[in-house]
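Heads up: the structure comes next, in structure tokens.
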Protein chains: 2
Amino acid sequence: MSPARPSGTRERILAIAREQFARKGFTGTSIADIAGELGTTTAALYYHFSSKADILAALLEEPMAAYTRIIRGLDSGSPSAEDLLSAFIDLAVDSREMATIVDRDPTVLAMIDERLPRTSQEMTDQVIAALAGPDSGRAGVLRAHAAFAAIKEATLAAVADPGRPDSPDAPGHSPGTLDPADRAEILAAALRALRP
Amino acid sequence: MSPARPSGTRERILAIAREQFARKGFTGTSIADIAGELGTTTAALYYHFSSKADILAALLEEPMAAYTRIIRGLDSGSPSAEDLLSAFIDLAVDSREMATIVDRDPTVLAMIDERLPRTSQEMTDQVIAALAGPDSGRAGVLRAHAAFAAIKEATLAAVADPGRPDSPDAPGHSPGTLDPADRAEILAAALRALRP
DNA sequence: GTCTATACCCGGATAGAC
DNA sequence: GTCTATCCGGGTATAGAC
């Protein structure tokens, strides 16, 4: 996707933007903020990206592709609820900063909906329906919402705090990754929420 | 704070702002947007509120008080996890528009933290700790995150869509309220997520 | 690739007439 | 209580030199 010759600056911009967007939100972060941390002027930024929205789009490219891949798996074949939830744990880990940005800022949601064939609302609905399964009725849909939200928030909480207070001697796993024990715990909790 | 005699205009402003903030976000909504729907100019708005932040504060007054009430219940005595989750279902129903605004917009979070004795982060941590219970370790904390998120999202989903596809003949409950059956379903799901 | 300088617009907020 | 008019700041983005 990315052009053949990344100058390095482009990647630095993306890293800075990702961090600031996550912390202050997309609309709450200005081009000047990013340029400031980059150590250049705003004008220099526009050599690498043609707009602020462009930066966001670049940051969202990977996560969106991953999400689309999961959705496509729903079109062809019917993965189990466990497989689905498991896939969304991975997605949450890989795109932890982006995950918060996307559904926190309505402006971002709107931008995404402009560039995508299916609206984000439709995509979510499809996931919920797949999690609920056929003939599960309204109760099943509500449980699917519960399980989906549980997966996302618990995973974000786990990667945000890599500490392991219950085993002080054990080496904390590396930050930005999900401890396998945590992963199992989260998946089990979500599955219990999903199944009565 | 509020004058003795609400002209009615003040309430209209709040209603319009609540709807637009919920739909487009706080930063995504301009004073001009609100004034436009109100049918006046922006200057007229400033007769009723001294700033945009003031409008937000007025909208948050009730929900914040309710939240604080729940937290205070944690300081004195130890309510059961079920009672806690139940209280948060009610809170989510009563403040459904505000619930999304608050944790979606980092700007709003920052404003709240300025006016409150405890930061919202601390308040959330306290709730999570109370839900997890003593000596539950990291796994318990993760389950608490899962249950808390499940409660909020499932409740918002339920009130957002008052339809009842599984019983077409039953009269749909009034919008903005939570069907007792839905409520029971959500609470049970969250409790399952919480307890292994 | 990065700079200086600046155009341009939009949002919040105020002054003062009515 | 609402208006007209306006100020001010900040934000995106561009022009053109280096």
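Naming convention: chains lettered A, B, ... in sequence-line order (proteins, then strands); numbering from 1 in each chain.
In the model, Asp75(A) has a side-chain atom that pairs as donor or acceptor with a side-chain atom of Gln126(A) under 3.5 Å. Looking at Arg183(B) and Ser86(B), their side chains do bring a donor and an acceptor atom within 3.5 Å of each other. If you check the side chains of Asp113(B) and Thr119(B), you find no donor sitting under 3.5 Å from an acceptor.
Taking atom CG of Leu56(A) as the reference point, atom C1' of dT12(D) lies 15 Å away to the nearest angstrom. Atom-to-atom, NE2 of His48(B) to C1' of dC3(D) comes out at 13 Å; the value is rounded to the nearest Å. Rounded to an integer number of Å, the gap from Leu45(A) CG to dT2(C) P is 9 Å.
Residues of residues 12-25 of chain A having a heavy atom closer than 4.0 Å to DNA chain C: none are found.
A cation-pi arrangement, defined by a distance under 6.0 Å to the six-membered ring centre and an angle within 45 degrees of its axis, is present between Lys52(A) and Phe26(A).
By the 4.5 Å heavy-atom criterion applied to side chains, Arg143(A) and Glu185(B) are counted as neighbours.
The phosphate of dT2(D) has neither OP1 nor OP2 within less than 4.0 Å of any side-chain N or O from Thr40(B). An OP1 or OP2 oxygen of dT2(C) is reached within less than 4.0 angstrom by no side-chain nitrogen or oxygen of Tyr47(A).
No side-chain donor-acceptor contact under 3.5 Å links Ser95(A) to the backbone of Met98(A). Looking only at distances, a side-chain donor or acceptor of Arg104(A) sits under 3.5 Å from a matching main-chain atom of Asp103(B).
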Next on the checklist: Across nucleotides 11-18 of chain C, 5' to 3', mark each nucleotide with B, S or - according to how protein heavy atoms within less than 4.0 Å reach it.
Outcome noted: SSBBB---
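One distance of note links CG of Leu142(A) with OG of Ser136(A); it measures 9.5 Å at 0.5 Å rounding.
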